[in-house]
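To start, the structure itself, in structure tokens.
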Amino acid sequence: MGQDEPVLGPLIGSTGHAGLRLQTQNLRVLCDPWVSPGGAYLGAWFPFPDNSHLRAVPGLWDAEWVAVSSAHLDHMDLAFLSALSDGVRVVIPEYPSSAFRDRLCAAGVKEIVEVAAWERLPLNDRGDWLTAIPEQSPADHRAAFLIVAEGVSVLHCNDAQLSLSQTRRAMVEVGGPLDLIALDASEPRFRAVKRLVRSVKPRLVMPYAGPAGFLDPTLAQHNQHICEPGELPAETLRMFPGDSVRIAPTTHDVIRDPHWKGFAYSKHLDAYASSRAQEIAEVWAAHPDPGAGSGLAERFKEHFVRLGRLSPYFLERITMKVRFDVSGADGGVWDVDLGTPHSQQVPQYTFGVEARWLEAVLSGEIRWEDLFLSRRLLIEHAPDADGTYLFGLLKHADAEALRAIEDYDKRDPNATVTLSSGERAFEVTRYCPHSGEDLAEGAVIDEAPEGLVLRCLAHNFDFSLTTGLCLNARCEPISVAAPA
């Protein structure tokens, strides 16, 4: 592109970790900003690379909308969100429970807008909009945001793992290929991300330069996954905090932050850790070891009594002894029997944790999921132990969220759903007979020479809405009825 050919269109900038900023002449949106001092998860996680130089950039953090994808503390920066100016609206996905919204309200966040899956939220009077795309399973409350501004589409996945059908439906929603997909392409997810990008062929892909850095010396062994993101099968934009790209319908222009001149992953971590040593020390100072006689054991017991009342369904599937080896002046070795009473003597799971961090959970400062993510506890288990429901109970600790998982587990394979095309409605099999895709979300109705067809977006199987037969592959038919 020549110097005399300016790119006109939205400016999308990286604010570090999984954070984005989208700006046009008529719109400013922040997505998952994480910039406050002190890191997250009890000072365990810090944005990598360091984004602290952006804190002082004039106007960078001004926005009419702030979209926050989840209650994970590397996305939900409560210190930042609670200090927003009046009139700034915080958009969150609608999850099965109110826990996310409640946590924001408790922190003093004022204007909160919940968006249901695929519901279009107008961002201004010029046709720009946003929607949320939660992961299909309610086991994890994570969601992507799809934003369309000045005709340019941005799928901000943060750490949500969308299915192929969900990503294809996003393309249907915007009427063509996605202009930009931004997503976590760190080493543990790289292969799956590469397959997704190859299948949906976006114009541009922005891999987040994560995962987070563990700067506390006691956790430094967890930094082995920090590396430069690999090349993806689309034009790949490696964006550091402060870098941005302006996207027009057919062109784009990358603007680099000079702060990163000469940057090398291999040399960044030690200096970064040293620069945050005081912040980490303050986290430790804010969480002293509870003294002997603090009542930690009694509060621990009461906590698990409350957890045990949340979901009989989960308790039936846990049925194990769990041991907590709590170090500190008021610690001890405490066993919890979860589920049906049994004679099992050997704990299936053992959690080793300092009393100071357990206190943060019992006081409500953080959740069990936050403690797990912090890596400030050790987990051991028997070889054949299945912790799926144990971790689900601890992670959510919310009756509504647990009930949603139970309902998901108990899905009726013969269930139906009503889908519409114009003024016509069809009651069809809810789950695709090929792969079980939920057609309530992962399907579209389209015109074909054979008439109207239902297309399952997971594998692009077409089913006739006249006969139910699969038209382009070998597959069992779906049931079809046209409600009166």
Side-chain angles (χ1 to χ4, degrees), residues 40-42 44-45 68-76 78 92-107 109 114 134-135 137-143 159 287 295-324 326 334-340 347-377 379 381 385-409:
Y41 305 114
L42 302 168
W45 289 34
V68 184
S69 63
S70 77
H72 289 173
L73 298 175
D74 54 319
H75 299 265
M76 182 184 66
L78 290 175
I92 64 174
E94 184 180 274
Y95 289 122
S97 83
S98 64
F100 186 9
R101 184 186 186 103
D102 294 345
R103 201 166 182 184
L104 291 170
C105 290
V109 179
E114 284 185 281
E135 290 187 359
S137 169
D140 289 296
H141 291 181
R142 299 183 297 213
D159 59 354
H287 297 87
L296 190 69
E298 290 76 12
R299 285 182 287 117
F300 174 86
K301 182 178 180 180
E302 292 169 0
H303 178 81
F304 273 90
V305 168
R306 290 195 299 272
L307 286 179
R309 295 171 178 158
L310 292 175
S311 173
Y313 176 81
F314 268 69
L315 290 187
E316 289 169 4
R317 281 150 184 80
I318 297 173
T319 313
M320 66 174 68
K321 184 188 297 293
V322 181
R323 175 163 294 170
F324 292 81
V326 183
W334 306 327
D335 288 347
V336 178
D337 285 310
L338 291 167
T340 306
Q348 297 296 288
Y349 274 85
T350 298
F351 298 113
V353 60
E354 290 188 45
R356 70 179 77 233
W357 311 129
L358 178 60
E359 172 66 39
V361 175
L362 300 183
S363 68
E365 177 189 348
I366 65 169
R367 305 178 305 169
W368 280 107
E369 183 176 27
D370 302 330
L371 183 57
F372 294 146
L373 289 169
S374 78
R375 308 286 183 93
R376 292 195 183 279
L377 79 171
I379 303 175
H381 61 86
D386 181 357
T388 302
Y389 289 93
L390 169 64
F391 284 94
L393 174 66
L394 294 175
K395 180 169 68 174
H396 291 291
D398 177 272
E400 293 175 313
L402 298 174
R403 191 177 304 113
I405 297 171
E406 178 181 352
D407 292 343
Y408 187 81
D409 286 353

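- Between the side chain of Y41 and the backbone N or O of L73 there is at least one donor-acceptor pair closer than 3.5 Å.
- To the nearest 0.5 Å, atoms OG (S98) and CG (D398) are separated by 6.5 Å.
- A distance-only check finds no donor-acceptor pair linking the side chain of H303 to the backbone of S363 [under 3.5 Å].
- With hydrogens and angles ignored, the 3.5 Å screen pairs a side-chain donor or acceptor of R376 with a backbone N or O of L42.
- The heavy-atom pair separating G308 from L315 by the smallest distance is O-CD1, 3.1 Å.
- Scanning all heavy atoms of the two residues, the minimum distance from P138 to I405 falls at O-CG1, 3.8 Å.
- P96 and A404 get closest at one heavy-atom pair: CB-CB, 3.4 Å.
- W334 and F300 have tilted rings, their planes meeting at an angle from 30° to 60° on a 0 to 90° scale.
- In summary, R101 and E94 do not engage in a salt bridge, as defined by a charged side-chain N under 4.0 Å from a carboxylate O.
- Formation of a donor-acceptor pair under 3.5 Å by the W45 side chain with backbone atoms of L373 is found in this model.
- The aromatic rings of H141 and Y95 sit parallel, their planes meeting at an angle under 30°, below the 60° perpendicular limit.
- Of all heavy-atom pairs between W357 and I366, the closest is O-CD1, 4.5 Å.
- Within the model, atoms CE of M76 and OG of S70 stand 8.0 Å from one another, a figure rounded to the nearest 0.5 Å.
- H287 and E365 are linked by a side-chain donor-acceptor pair at a separation below 3.5 angstrom, with hydrogens and angles left out of the test.
- Between the side chain of D370 and the backbone N or O of R367, at least one donor-acceptor pair lies under 3.5 Å.
- D386 contributes atom CG, which lies 6.5 Å from atom CE of M320 (distance to the nearest 0.5 angstrom).
- L307 approaches L393 most closely through the heavy-atom pair O-CD1, 3.9 Å.
- A distance-only check finds no donor-acceptor pair linking the side chain of K395 to the backbone of F372 [under 3.5 Å].
- Taking the six-membered ring for Trp and thresholds of 30 and 60 degrees, F324 and F351 have ring planes inclined between 30 and 60 degrees apart.
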Side chain to side chain contact (heavy atoms under 4.5 Å, CB included) evaluation trace for F391 with I379: CA-CA 12 Å; F391 284 94; I379 303 175; 4.1 Å; yes
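- The structure places CG of L394 at 5.5 Å from CZ of F304, a figure rounded to the nearest 0.5 Å.
- Using bins of under 30°, 30° to 60° and over 60° for the plane-to-plane angle, the ring pair H75/H72 lands in the tilted bin.
- Not counting sequence neighbours, the partners of R323 by the salt bridge (charged side-chain N to carboxylate O under 4.0 Å, His left out) test are D335.
- One distance of note links CG of L104 with CG of L78; it measures 6.5 Å at 0.5 Å rounding.
- The OH atom of Y313 lies 9.0 Å from the CG atom of D407; values are rounded to the nearest 0.5 Å.
- Here the shortest heavy-atom pairing between P93 and A143 reads CG-CB, 3.6 Å.
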Intermediate values then yes/no, side chain to side chain contact (heavy atoms under 4.5 Å, CB included), L390 and Q348: CA-CA 11 Å; L390 169 64; Q348 297 296 288; over 6 Å; no
Side chain to side chain contact (heavy atoms under 4.5 Å, CB included) between L358 and W368, worked out: CA-CA 9 Å; L358 178 60; W368 280 107; 3.6 Å; yes
